[in-house]
Amino acid sequence: MPIQIYNTLTRKKETFEPLDPERVTLYACGPTVYNYAHIGNARPAVIFDLLYRVLSRRFPKVIYARNITDVDDKINQTAADEGVPIDVISRRYAAAYHEDMAALGVGRPTVEPRATEHIPHIIAMIERLIERDCAYEAEGHVLFNVEQFSDYGSLSRRNRRELIAGARVEVAPYKRHPGDFVLWKPSTAEQPGWDSPWGRGRPGWHIECSAMSAAHLGEVIDIHAGGQDLVFPHHENEIAQSRCAHQTDTFARYWMHNGFVTVEKRKMSKSLGNTLIVHELLKQWPGEVLRYVLLSAHYRQPLDWSEKSLHQAQATLDRLYGQLDGIDLEATDPDDEVIAALEDDLNTPTALARINTLARELAHSEQPGLAAELAARLKASAGCLGLLQRDPADWLASRQVEAEIDETEIDELIAERNAARRSRDFARADQIRDELAEQGILLEDGPEGTQWKVAAR
RNA sequence: GGCUAGGUGGCAGAGUGGUUAUGCAGCGGCCUGCAAAGCCGUGUACCUCGGUUCGACUCCGGGCCUAGCCUCCA
């Protein structure tokens, strides 16, 4: 079965056939680096990183571009507030983004273009749009002329009239059509800016992705991805710009959009003040737990974030790591069904279900040889999702280090309890167990002696 | 108002025109001095009303409800 992808353009699941199987092109809209990423920002990073891995299994060369928006009014504002140049802000938060995403098991894309490094590309593209009468200059701005692009609205399934009717924002007087959007805008002396044929200014938001996509991947690309909230206007505008500038029928052949992370069913967003910062979450939870939660729902569905889902993911991973612990693992191929699930429009819940079934088979297996084989397959399969790659002993041990408890005292109490048990003073033994339980310490009597661990949160 | 997506067992969350999702929690059992962990077993769910069909949770139509986009946003 070839790879299936749900295409926003057609609202259908389609077989993925790249333009050039020797060179598959994927572009995902990356972060605007003006503060720390929240878990909602992490979802597309995790999902499209997974897509990149899935594609890379099938095709010899996949070029994955994920941009960094490093000039933007919010960055400008933060920089102005701190009294520093914008690159101080953008570098700081780009570094934080890389660090946080790495903790979630997200790899680096093939290329990571930055807007400020593509100003000449952007200017050249705008010039071409003006030449082709797709854009016009007005009061120092350059605007895209949506009237010149008959397909405008085809991705988001809107027409220009609806856009006017639904407009919630006052239309700038210099716009010819209310739907026209800014390609280039003037900068004041204090604002960052670049010289251009239209004076000193800076690019609008949409144009950078079009310019960078063309520069690194080509005029027509295979897949363009991003969050659902980018469908309109961002991606709609990208299509208009790119197709007008390059005179093509197509910009991206497949469009993929991830659903939102919600909190109590409401979209996580900065304006609602319900964001959970990845950097903060990582202080409490292993990155892999966050990743598991993000993969537990299908990427196109909303994902309601909760403490409960974190506990559940932690419990599941603890069990899986526990099963791998102590088994010598050899590299092997992943399970076919896991691959099939992932290749079916990234069906991660089904893939995880299969992984859990493999884990049960492993638990059932009696012969050591078979167990080792199953364990290896389990690890390889989970690896396709970026899970279960840590050393099981380390994972399980790290659960204990999290608590700041006097280990010597615990060890002494355990010794005393074991002495009581030997003399069959079970009342005293149970008393010690209870005392430790109150401190959140669970005792486990096993063949290797008594182990302790921190109670589940 | 326009457009879009979705309503599945206690919770989370896939999927299918007639057969077990899976996870977490719960319950019963094995094990244990007692526990814990682990393992075994267990739960006849699919918003509503019509229609199509031998048969629909699954297809079609109406309704109700929820979320999202239409403004920066992953």
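Computed from heavy atoms alone, side chains included, the values below leave out hydrogens, waters and symmetry copies. In what follows, every chain begins at residue 1, and chains take the letters A, B, ... in the order their sequences are listed. Being a predicted model, the structure only gives us computed values, none of them experimental.
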A.B. asks: Using a heavy-atom cut-off of under 4.0 Å over every strand shown, decide if A/Thr316 touches base, sugar-phosphate, or nothing.
C.D. replies: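 Sugar-phosphate, backbone atoms only, no base.
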
A.B. asks: A/Asp72 and A/Thr32: side-chain donor and acceptor closer than 3.5 Å?
C.D. replies: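 On atom types as modelled, these side chains do not qualify, holding no pair under 3.5 Å.
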
A.B. asks: Is any side-chain nitrogen or oxygen of A/Arg360 closer than 4.0 Å to OP1 or OP2 of B/U22?
C.D. replies: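 Result: yes.
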
A.B. asks: Base, sugar-phosphate, or nothing for A/Leu230, non-hydrogen atoms under 4.0 angstrom?
C.D. replies: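 Counting heavy atoms under 4.0 Å across all strands, the contact made by A/Leu230 is with sugar-phosphate only.
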
A.B. asks: With both distances under 3.5 Å as the test, what is the Watson-Crick or G-U wobble partner of B/G38?
C.D. replies: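 Pair assignment: B/G38 / B/C30.
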
A.B. asks: Select one nucleotide: of B/A14, B/C70, B/A74, the one nearest the side-chain heavy atoms of A/Met268.
C.D. replies: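 Given the options B/A14, B/C70, B/A74, the side chain of A/Met268 is closest to B/A74.
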
A.B. asks: Can you say whether a donor on the side chain of A/Gln228 sits under 3.5 Å from an acceptor on the base of B/G68, or the other way round?
C.D. replies: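 Flag unset: no donor-acceptor pair detected.
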
A.B. asks: To the nearest Å, how far apart are A/Asp304 CG and B/G68 P?
C.D. replies: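 Those two atoms, CG and P, are 11 Å apart.
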
A.B. asks: Nearest to the side chain of A/Gln323, which nucleotide is it out of B/C39, B/G68, B/U22?
C.D. replies: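 Nearest nucleotide to the side chain: B/C39.
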
A.B. asks: Tell me, please, whether A/Tyr6 has A/Lys13 positioned over its six-membered ring: NZ or CZ under 6.0 Å from the ring centre and within 45 degrees of its axis?
C.D. replies: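 No cation-pi geometry.
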
A.B. asks: Taking the minimum atom-to-atom distance to the side chain of A/Ala297, which one of B/C11, B/A74, B/A14 wins?
C.D. replies: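 It is B/A14.
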
A.B. asks: So, A/Trp285 versus A/His311, ring centres under 6.0 angstrom or not?
C.D. replies: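 Yes, close enough.
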
A.B. asks: Nearest whole angstrom, please: distance from the C1' of B/C70 to the OH of A/Tyr152.
C.D. replies: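 Atom OH in A/Tyr152 sits about 11 Å away from atom C1' in B/C70.
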
A.B. asks: For A/Ser156, report the nucleic acid contact type (base, sugar-phosphate, nothing); a contact means any heavy atom under 4.0 Å.
C.D. replies: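 The residue A/Ser156 makes sugar-phosphate contact but no base contact.
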
A.B. asks: Taking the six-membered ring for Trp, is the centroid-to-centroid distance between A/Phe16 and A/Tyr254 below 6.0 Å?
C.D. replies: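 Distance test on ring centres: under 6.0 Å, yes.
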
A.B. asks: Looking only at side-chain atoms of A/Asp445, point me to the closest of B/A35, B/C39, B/C3.
C.D. replies: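 Selected nucleotide: B/A35.
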
A.B. asks: A/Asn347 near the nucleic acid: base, sugar-phosphate alone, or nothing, with a heavy-atom cut-off under 4.0 Å?
C.D. replies: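 The answer is sugar-phosphate, as A/Asn347 gets under 4.0 Å only of primed atoms, P, OP1 or OP2.
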
A.B. asks: Could you state the NE2-P distance from A/His235 to B/C72, rounded to the nearest angstrom?
C.D. replies: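 Result: 14 Å.
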
A.B. asks: Do NZ/NE/NH1/NH2 and the carboxylate oxygens of A/Arg92 and A/Glu82 come within less than 4.0 Å?
C.D. replies: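 Yes.
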
A.B. asks: Identify, between A/Cys29 and A/Tyr6, the residue whose nearest nucleotide on RNA chain B lies closer to the 5' end.
C.D. replies: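 Whichever sits nearer the 5' end wins; that is A/Tyr6.
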
A.B. asks: What is the separation between atom CD1 on A/Ile355 and atom C1' on B/G13, rounded to the nearest whole Å?
C.D. replies: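 Taking CD1 of A/Ile355 and C1' of B/G13, I get 15 Å after rounding.
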
A.B. asks: Base, sugar-phosphate alone, or nothing: which one does A/Arg266 contact when heavy atoms must sit under 4.0 Å apart?
C.D. replies: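 Counting heavy atoms under 4.0 Å across all strands, the contact made by A/Arg266 is with sugar-phosphate only.
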
A.B. asks: Looking just at side-chain N and O atoms, do A/Glu208 and A/Asn67 make a donor-acceptor pair shorter than 3.5 Å?
C.D. replies: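 A/Glu208 vs A/Asn67: donor-acceptor pair found between side chains.
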
A.B. asks: Using atom P in both nucleotides, what's the gap between B/U52 and B/U58 to the nearest angstrom?
C.D. replies: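 Each nucleotide's P atom is 15 Å from the other's.
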
A.B. asks: A/Pro349 has a side chain; which of B/A37, B/A74, B/A21 sits nearest to it?
C.D. replies: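 When the side chain of A/Pro349 is considered, B/A21 is the closest of B/A37, B/A74, B/A21.
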
A.B. asks: Under 4.0 Å, counting only non-hydrogen atoms across every strand here, what does A/Gly226 touch: a base, just sugar-phosphate, or nothing?
C.D. replies: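 Sugar-phosphate, backbone atoms only, no base.
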
A.B. asks: Whole Å only: how far is the OH atom of A/Tyr299 from the C1' atom of B/G6?
C.D. replies: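 Whole-Å distance recorded here is 15 Å.
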
A.B. asks: Checking salt bridge (Lys or Arg N to Asp or Glu O under 4.0 Å) against A/Asp49, which of A/Arg43, A/Arg108, A/Arg291, A/Arg66 comes through?
C.D. replies: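 Of the listed residues A/Arg43, A/Arg108, A/Arg291, A/Arg66, the salt bridge (Lys or Arg N to Asp or Glu O under 4.0 Å) partner of A/Asp49 is A/Arg291.
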
A.B. asks: Taking the minimum atom-to-atom distance to the side chain of A/Gln312, which one of B/A74, B/A12, B/U4 wins?
C.D. replies: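 Ranking B/A74, B/A12, B/U4 by closest atom to the A/Gln312 side chain puts B/A12 first.
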
A.B. asks: Consider the side chain of A/Ala363, meaning its heavy atoms from C-beta on, and name the nucleotide among B/A5, B/C39, B/C72 that approaches it most closely.
C.D. replies: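 So the side chain of A/Ala363 is nearest to B/C39.
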
A.B. asks: Closest approach to the side chain of A/Arg421, judged atom by atom: which nucleotide of B/A74, B/A36, B/G33 is it?
C.D. replies: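 Per side-chain heavy atoms of A/Arg421, the pick is B/G33.
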
A.B. asks: Tell me which nucleotide, if any, is Watson-Crick or G-U wobble paired with B/C57 when both distances must be under 3.5 Å.
C.D. replies: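 Matched B/C57 with nothing under the 3.5 Å cut-off.
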
A.B. asks: Hey, does A/Arg433 reach any base, or is it just sugar-phosphate, or nothing, if we go heavy atoms under 4.0 Å?
C.D. replies: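 Result for A/Arg433 = base.
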
A.B. asks: In whole angstrom, what separates A/Leu352's CG from B/C24's P?
C.D. replies: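 It works out to 12 Å between those atoms.
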
A.B. asks: Given the P atoms of B/G15 and B/G63, what is the spacing between them in whole Å?
C.D. replies: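 One P to the other, the span is 27 Å.
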
A.B. asks: Using atom P of each nucleotide, how far apart are B/G62 and B/C3 to the nearest Å?
C.D. replies: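 Approximately 13 Å lies between the P atom of B/G62 and that of B/C3.
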
A.B. asks: Verify the distance criterion only: is there a donor paired with an acceptor across the side chains of A/Arg319 and A/Asn356 at less than 3.5 Å?
C.D. replies: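 Yes.
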
A.B. asks: Rounding to the closest angstrom, what is the interatomic distance between B/C59 and B/A5 at atom P?
C.D. replies: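 Here B/C59 and B/A5 have their P atoms 14 Å from each other.
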
A.B. asks: On RNA chain B, compare the nucleotides closest to A/Ala315 and A/Glu444; which residue's is nearer the 5' end?
C.D. replies: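 On the 5' side of the pair lies A/Ala315.
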
A.B. asks: Categorize A/Arg417 for me: base, sugar-phosphate, or nothing, with a 4.0 angstrom heavy-atom threshold over every strand shown.
C.D. replies: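 Base contact.
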
A.B. asks: Roughly how far apart, to the nearest Å, are B/G51 and B/U44 at atom P?
C.D. replies: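 Roughly 29 Å separates the two P atoms.
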
A.B. asks: Please classify the nucleic acid contact of A/His257 as base, sugar-phosphate, or nothing, using heavy-atom distances under 4.0 Å.
C.D. replies: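 Since no nucleic acid heavy atom lies under 4.0 Å of A/His257, the category is nothing.
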
A.B. asks: Counting only side-chain heavy atoms from C-beta out, which of B/G33, B/A14, B/U22 sits nearest to A/Ala353?
C.D. replies: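 Selected nucleotide (nearest to the side chain): B/U22.
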
A.B. asks: If pairing requires Watson-Crick or G-U wobble contacts with both distances under 3.5 Å, which nucleotide is the partner of B/U22?
C.D. replies: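 Base-paired to B/A12.
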
A.B. asks: Should A/Asn356 be listed as having a side-chain N or O under 4.0 Å from OP1 or OP2 of B/U22?
C.D. replies: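 A/Asn356 to B/U22 OP1/OP2: no side-chain N or O under 4.0 Å.
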
A.B. asks: Under 4.0 Å from OP1 or OP2 of B/C24: is there any side-chain N or O of A/Arg319 that close?
C.D. replies: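 Result: yes.
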
A.B. asks: Measure the distance from CG on A/Asp434 to P on B/C34 and round it to the nearest whole Å.
C.D. replies: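 Atom CG in A/Asp434 sits about 16 Å away from atom P in B/C34.
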
A.B. asks: Checking all strands, does A/Lys265 fall into the base, sugar-phosphate, or nothing category for heavy-atom contacts under 4.0 angstrom?
C.D. replies: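 A/Lys265: backbone/sugar contact only, no base atoms under 4.0 Å.
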
A.B. asks: Which whole-number value in Å describes the distance from A/Leu310 CG to B/C24 P?
C.D. replies: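 After rounding, the reported distance stands at 15 Å.
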
A.B. asks: Hunt down the Watson-Crick or G-U wobble partner of B/U44, both distances under 3.5 Å, from any strand shown, or write none.
C.D. replies: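 B/U44 is paired with nothing.
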
A.B. asks: Using the P atom in both, what is the distance from B/U48 to B/U42, to the nearest Å?
C.D. replies: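 Pairwise P distance, B/U48 against B/U42, rounds to 28 Å.
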
A.B. asks: Between A/Arg91 and A/Asp87, is the closest basic N to carboxylate O distance under 4.0 Å?
C.D. replies: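 Result for this pair is yes, salt bridge flagged.
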
A.B. asks: With rounding to whole Å, what would you report as the distance between B/U4 and B/U19 at their P atoms?
C.D. replies: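 Looking at atom P only, B/U4 and B/U19 are 33 Å apart.
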
A.B. asks: Please tell me which of the listed nucleotides, B/C70, B/C24, B/A74, lies nearest to the side chain of A/Phe232?
C.D. replies: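 From the listed options, B/C70 comes nearest.
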
A.B. asks: Which whole number of Å gives the distance between the C1' atom of B/C46 and that of B/G38?
C.D. replies: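 Looking at atom C1' only, B/C46 and B/G38 are 33 Å apart.
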
A.B. asks: Using purine N1 to pyrimidine N3 plus N6-O4 or O6-N4 for Watson-Crick, or N1-O2 and O6-N3 for G-U wobble, each under 3.5 Å, what pairs with B/C69?
C.D. replies: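 Pairing partner, where one exists within any strand: B/G2.
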
A.B. asks: Go through A/Leu303 and A/His298 one step at a time and tell me if the side chain to side chain contact (heavy atoms under 4.5 Å, CB included) criterion holds.
C.D. replies: CA-CA 8 Å; A/Leu303 173 65; A/His298 184 79; over 6 Å; no

A.B. asks: Please classify the nucleic acid contact of A/Gly322 as base, sugar-phosphate, or nothing, using heavy-atom distances under 4.0 Å.
C.D. replies: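 No contact.
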
